[in-house]
Amino acid sequence: MTDLSIRSLAKAFGGVRAVNDVSFEVARGEFLAMIGPNGAGKSTCFNMINGQLRPDSGEIWFERANLAGLAPREIWRLGVGRTFQVAATFGSMTVVENVQMALISHAGETYRLWKPAASRYRARALELLEQVGMKDAADRASRELAYGDVKRVELAMALANDPRLLLMDEPTAGMAPRERNALIALVKRLVVEKGISVLFTEHSMDVVFAHADRIIVLARGRLIADGDARTIREHPKVQEVYFGTGKTFARVEPKPLEPQP
């Protein structure tokens, strides 16, 4: 079953076609990586899917809804979660309060905060923090956290709307290699447990080849390859746009899922 279907998506800035007739699908429960060299159109494509940009043409179908042109808040409420390349939380709030605010927003209660917010959805927020291994830090100020832990809190916030699709933009940016693989293994475990579909962009090829179920590759705004890790690693066009003809990716073996924190 397909959760997300991208059909002939296109976006131009002036005379530059950033995304040109891109089509692909994300299956239910699939962990799909979108990669490509700088300027390939990944961010533009990603931002159209999540509503930051309006496509010039094409369709973005999530279940029975066409997301093209909808605002990010509308897309969030349809069951699409999102994490960002640069993780951001409210530093003055505690960890659990950040997740509570995401839950309050999802419930449409953002403008009804005359009610005490400190107790709103706290139990559910703690459940989400436990899922990402951050429950013990629930009452710490977010500004005190290491960056890898902030990423985990951001993931808990992204899960606040019980998403059926999760969009992750460079989820391991700024993280050390060990932290990168630990975070992606955590996301992969949650995907398997909850049946969530994931589309993520990533520059770290060790993360992509070790964890993605399938990989799509963009170059100069067009989709040039679609397949599993071995197919992409050996694809001559992919090798050309990344390295120049004749070079190959280093082989990375899939990693087993890590035990639940």
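The figures that follow rest on heavy atoms only: side chains count, while hydrogens, waters and symmetry mates do not.
- Partners of Arg220 under the salt bridge (Lys or Arg N to Asp or Glu O under 4.0 Å) rule, at least two apart in sequence or in another chain, do not exist in this structure.
- In this structure, a donor-acceptor pair under 3.5 Å is present between the side chains of Ser142 and Asn98.
- Leu145 is listed as a side-chain neighbour of Arg140, based on a closest heavy-atom distance under 4.5 Å.
- Met205 and Val217 fall within a single hydrophobic cluster, where Ile, Leu, Val, Met, Phe, Trp and Tyr are joined by side-chain heavy atoms under 4.5 Å apart, directly or via other members.
- Hydrophobic clustering (side-chain heavy atoms under 4.5 Å, transitive across Ile, Leu, Val, Met, Phe, Trp, Tyr) keeps Val80 apart from Trp61.
- Atom CG of residue Leu67 and atom CD1 of residue Ile75 lie 5.0 Å apart, to the nearest 0.5 angstrom.
- The salt bridge (Lys or Arg N to Asp or Glu O under 4.0 Å) search around Glu74 returns none, not counting sequence neighbours.
- Put simply, Ile196 and Phe84 are part of two different groups of oily side chains (I, L, V, M, F, W, Y) that touch within less than 4.5 Å, one to the next.
- Side-chain contact check for Met168 versus Thr201: every heavy-atom pair is 4.5 Å or farther apart.
- Between Ile215 and Phe209 there is a side-chain heavy-atom pair separated by less than 4.5 Å.
- Between Glu30 and Ser197, every side-chain heavy-atom pair lies at or beyond the 4.5 Å cut-off.
- Scored by the salt bridge (Lys or Arg N to Asp or Glu O under 4.0 Å) test, Arg124 finds Glu127, Asp162 as partners (sequence neighbours excluded).
- The minimum heavy-atom distance linking Leu186 with Leu155 is given by the pair CD2-CD2, 4.0 Å.
- For the pair Ala102 and Ala160, the tightest heavy-atom approach, listed with the atom from each and the gap, is CB-CB, 3.7 Å.
- Although no hydrogens or angles enter the test, the distance criterion places no donor-acceptor pair under 3.5 Å between the side chain of Lys151 and the main chain of Thr172.
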| Full working for side chain to side chain contact (heavy atoms under 4.5 Å, CB included) between Met48 and Leu9 | CA-CA 9 Å; Met48 285 190 287; Leu9 203 59; 3.7 Å; yes
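- Between Trp76 and Pro163, every side-chain heavy-atom pair lies at or beyond the 4.5 Å cut-off.
- With sequence neighbours left out, Asp228 forms a side-chain hydrogen bond (donor to acceptor under 3.5 Å, both in side chains) with Thr231.
- Between Ile216 atom CD1 and Ile232 atom CD1 the span is 9.0 Å, to the nearest 0.5 Å.
- Here the rule is side-chain contact (heavy atoms from CB on, under 4.5 Å) with Ile184, and of Glu179, Arg189, His211 only His211 fits it.
- Contact annotation: the side chain of Met157 never approaches that of Thr83 to less than 4.5 Å [non-hydrogen atoms, C-beta and beyond].
- Partners of Ser204 under the side-chain hydrogen bond (donor to acceptor under 3.5 Å, both in side chains) rule, at least two apart in sequence or in another chain, are Arg180, Asp206.
- Considering only residues two or more places apart in sequence or on other chains, Ala125 meets the side chain to side chain contact (heavy atoms under 4.5 Å, CB included) condition with Val96, Val99, Gln100, Leu103.
- Among residues two or more places apart in sequence or in another chain, the side-chain hydrogen bond (donor to acceptor under 3.5 Å, both in side chains) test is passed with Asp213 by Lys188.
- Between the side chain of Gln131 and the main chain of Leu190, no donor-acceptor pair closer than 3.5 Å is present.
- The closest side-chain heavy-atom distance from Val207 to Asn181 is below 4.5 Å.
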Could you tabulate the donor-acceptor pairs under 3.5 Å formed by side-chain atoms of residues 10-24, not counting sequence neighbours?
from  : atom 1 : to    : atom 2 : distance (Å)
Lys11 : NZ     : Arg54 : O      : 2.9
Asp21 : OD1    : Ser8  : OG     : 3.2
Ser23 : OG     : Ser8  : N      : 2.7

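- Partners of Asp226 according to the salt bridge (Lys or Arg N to Asp or Glu O under 4.0 Å) rule, which considers only residues two or more places apart in sequence or in another chain, are Arg214.
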| Steps toward side chain to side chain contact (heavy atoms under 4.5 Å, CB included) verdict (Val132, Val153) | CA-CA 7 Å; Val132 301; Val153 175; over 6 Å; no
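- When every heavy atom of Gly29 is checked against every heavy atom of Val191, the shortest pair comes out as O-CG1, 3.6 Å.
- A 4.5 Å side-chain heavy-atom check between Arg152 and Leu183 finds at least one atom pair inside the cut-off.
- Cluster annotation: Val95 and Met93 are assigned to the same hydrophobic cluster (Ile/Leu/Val/Met/Phe/Trp/Tyr, side-chain heavy-atom contacts under 4.5 Å, transitive).
- Here the shortest heavy-atom pairing between Gly69 and Pro55 reads N-CD, 4.0 Å.
- By the 6.0 Å contact criterion, CG on Asn66 is enclosed, its count of non-hydrogen atoms from other residues, nucleotides or ligands being greater than 12.
- Scanning both residues, Leu78 and Ala65, for their nearest heavy atoms gives CD1-CB, 4.1 Å.
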| said: Walk me through whether Phe62 and Leu165 qualify under side chain to side chain contact (heavy atoms under 4.5 Å, CB included). | reply: CA-CA 8 Å; Phe62 171 61; Leu165 172 66; 3.6 Å; yes
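- By the side-chain hydrogen bond (donor to acceptor under 3.5 Å, both in side chains) test, Asp149 is found to be paired with no residue, residues two or more places apart in sequence or in another chain being considered.
- Closest heavy-atom contact between Leu166 and Arg82: CD1-N, 3.9 Å.
- Distance check, rounded to the nearest 0.5 Å: CD of Glu59 to CZ of Arg7 gives 5.5 Å.
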Let me check something: any side-chain donor-acceptor pairs from residues 32-46 under 3.5 Å, sequence neighbours excluded? List them with distances.
from  : atom 1 : to     : atom 2 : distance (Å)
Asn38 : OD1    : His203 : NE2    : 3.4
Lys42 : NZ     : Gly36  : O      : 2.9
Lys42 : NZ     : Pro37  : O      : 3.4

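- In this structure, the side chain of Arg28 does not engage the main chain of Asp3 through any donor-acceptor pair within 3.5 Å.
- To the nearest 0.5 Å, the span separating CG on Asp136 from CG on Leu129 amounts to 10.0 Å.
- When the side chain to side chain contact (heavy atoms under 4.5 Å, CB included) test is applied to Lys237, the partners found at least two apart in sequence or on another chain are Ile224, His235, Glu240, Val241.
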